[in-house]
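Remarks on the structure that follows.
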Amino acid sequence: MQRLTRTQLRRVGGIVAAIALVVLVVTDTLSAETQYPHWNNDTLDKRPYIFTQQNNVEGREGAPPHTQKVRIGYPLQVQLPGNPAVWTFDAGVSTLVEPRGWTMVFSPDRIPGTQSIFVFDFVLSPDAAHGDEGVIVLTTSDLPEALDMVLPQGVFAVKFQVIDPK
Amino acid sequence: MDRRTFMQRAAAATVGAQALGVSTAMAQTGDALRSLPELRANGTHLSTDLIIEMGVFQVGKRTIKVPAYRFADMEAGSLPGPTLRIKPGDTFEWNLINRMVPNGIPDGATKEEIAAFNQLEFTNVHTHGLQVSPKPGGDNVYQQVGPGDPPQPYRYAVPGPETGRPQPAGLYWYHPHRHGSTTHQAWQGLSGAIVVEGDIDQVPEIARAKERVIVMNALLVNPAGEVPRAMIAPNAGFSPFTSIPSMPTDIILTLNGQLQPVIDIQPGEVQRWRMLAAAPHRFYWLDLEGHDFYQIAQDGIPFATPKPVKRILMAPGNRAEFLIKGSQPGTYKLRAVEYEQGHPGGARPGWVIGTMEVGGEIKSDPVPTTLVEPPTMPDLPVVQKRTVTFKGEISGNLAKGAFVDGSDHGGQHGTGLPPVQFYLDGKVFALDRIDQHVVAGTVEEWTLVNEDVFQHPFHIHVNPFQVVKINGQPIYDDTWWDVIALPSKGQITVRMYFRPDVDGKTVYHCHILPHEDNGMMANMLICPPGSDPYELPEDNQTCSA
Ligand SMILES: [Cu+2]
């Protein structure tokens, strides 16, 4: 998987702008303080691989490419600071994952210029097999200044390779 | 990871398991709360080894693979560590022996990436709350012991009555304090209780009460039951931290290494619980359904009278000791109530951490009305007022070196952007920089300013303190603390007496250990009595006469 080209980024930006309007309407009906369901503490349920802006290397100066290993069968989750910035999933560029919904969690005063954390859930595509490579890409057209180094140009990307340890 | 690497690692893991004394303790949900192993001083001196070895522990349905403490006389490690019982005036010594073996390694990590985290197996030990010398050979947090290093001796003289300020009888604890690896090792459960026995134990109603030492841990584990050996970043949701590279994590809140144990009590029976918040990050807002807590001590220091309270807030490092009186027969939940401590994504969720079962013969144990004479603040002038400012950065957007002395905090994947940075007075921790010079035998007031929404818990070594102001408003409360949670975007002023018989270099820091490891710690030199408090050198390592 190569770095996203400028053209791709611009294209993504356009899609984001279009989707953002729709998303904002939906967001209005959500409670600002989304509650997490209480998880069973005594379980072997598979918890997600969680990625935050700190996991991103896309577009960062001097950062060597990094491919995350993902064990087959585990869910994935991306959490990105936003609100008012809106993050959207780029289905056109992302590969080997399927979105499973998203929400916003109220998180004021933690990171300047953001009021919430966007939480996106994913699963691996059903045909994902050992050795396959994929990428999850999310973008925003309204990146807060406080994230300009860690998420350059408003793009989050995590490249991954599926592993099946059995 | 390719097949060869995987097989090599699997083989290494098997050999490791055989070569190490593997200990197994079963702990199913709903089991009776167990007592931890104990060691008591015979006479006035105690000597042992404090050995860290890899262990395998059953916690509910999970198998946890973590290093664990044991004393020399124990055959296997304990999760959490064994309890030490001492008295004011005792001396004790232990040799710290480190036999940690790396685990929790991310899939596909290269040799270089694995080596980059070797510091996570370096350790030392701190006796939290003991008013003992912090100098080399004593409670020295600057010491570090790597795996396989020679045993490192630590020796402590617990202040006795002859000092005029004996160590108050109560609950203290020990845990690793090696800057950079304290969080990792706390998530592995490395912690143990120190009970100082003394006057409060002679209060008749307390003397006859059943005593329970309860250590609360939070274990951050991957699906293999190992703590991620990687950089850590905070996230919203149930498990509060993820790793870089990411691996699925879960957070397990245990009492004495057990998941949701059951605590028995008879109707009308009074029990004495000593609770230790040893988790590196989670605040516990304790609530026991249908029961009040009759608190008798905070951070090891007793009260004059029991204080009945509905809930007790315990920040990381705090201890609360209280009496519980069994009510009507039935089952009552012990909860860590949902609490907003400033973490990204809002309040930490509420948890049921255990249950209390009231049953059996009815008793009518009394709760005492008076306890003991607590230590008092000496009537001395406040010689210095200082301000310490707490500020953290969790966006991952600030370059390495953006703060003073930030150079030891590298960025992930060579980006030069550390995941988080935390600082006191605009600086991250530096080993050789003395941030404050104080004088033993004097009283000072420190105003602790929190610029964050994160409720940083302030902790200082050797001497406890009292809170005199919150947000500038006077508070009249004679409770002594050694950890106090700062209000979000607020401030607390504490008054401290630096006991005259202890000097040396030591630290103050945030007791959210991921903050401490990422810079929120500073050095303080306690100068000997008689040093000139107004002519202290600013940039060197000494005190002026
Ligand atoms: Cu903190």
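Source: prediction; values computed, not measured. By convention in this document, chain letters (A, B, ...) are assigned in the order of the sequence lines, proteins followed by strands, and residues within each chain are numbered from 1.
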Checklist entry - What's the verdict on side chain to side chain donor-acceptor pair (under 3.5 Å) for B:T355 and B:T331, showing C-alpha distance, side-chain angles and the deciding distance? => result CA-CA 7 Å; B:T355 55; B:T331 300; over 6 Å; no

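For an aromatic pair to be called close, the ring centres must be under 6.0 Å apart, and B:F390 with B:F422 fails this. Ring to ring, B:F241 and B:W187 are close: their centroids are under 6.0 angstrom apart.
Within the model, atoms OG1 of A:T88 and CZ of A:F120 stand 6.5 Å from one another, a figure rounded to the nearest 0.5 Å.
Neither the backbone nor the side chain of A:P75 comes within less than 4.5 Å of any heavy atom in chain B. If you measure heavy-atom distances from B:E340 to chain A, the contacts under 4.5 Å come from the side chain alone. Residue A:I117 touches chain B through its side chain alone, counting heavy-atom pairs closer than 4.5 Å. Only the backbone of A:E145 comes within contact range of chain B, with heavy atoms under 4.5 Å apart. Only the backbone of B:S243 comes within less than 4.5 Å of a heavy atom in chain A; its side chain stays farther off. If you measure heavy-atom distances from A:L147 to chain B, the contacts under 4.5 Å come from both the backbone and the side chain.
Of the listed residues B:P344, B:P223, B:A233, the one with more heavy-atom pairs under 4.5 angstrom with chain A than any other is B:P344.
Between the side chains of B:H281 and B:H343, at least one donor N or O sits under 3.5 Å from an acceptor N or O.
Remark: A:K46 is positioned above the aromatic ring of A:Y74, its terminal NZ or CZ atom under 6.0 angstrom from the ring centre and at most 45 degrees off the axis.
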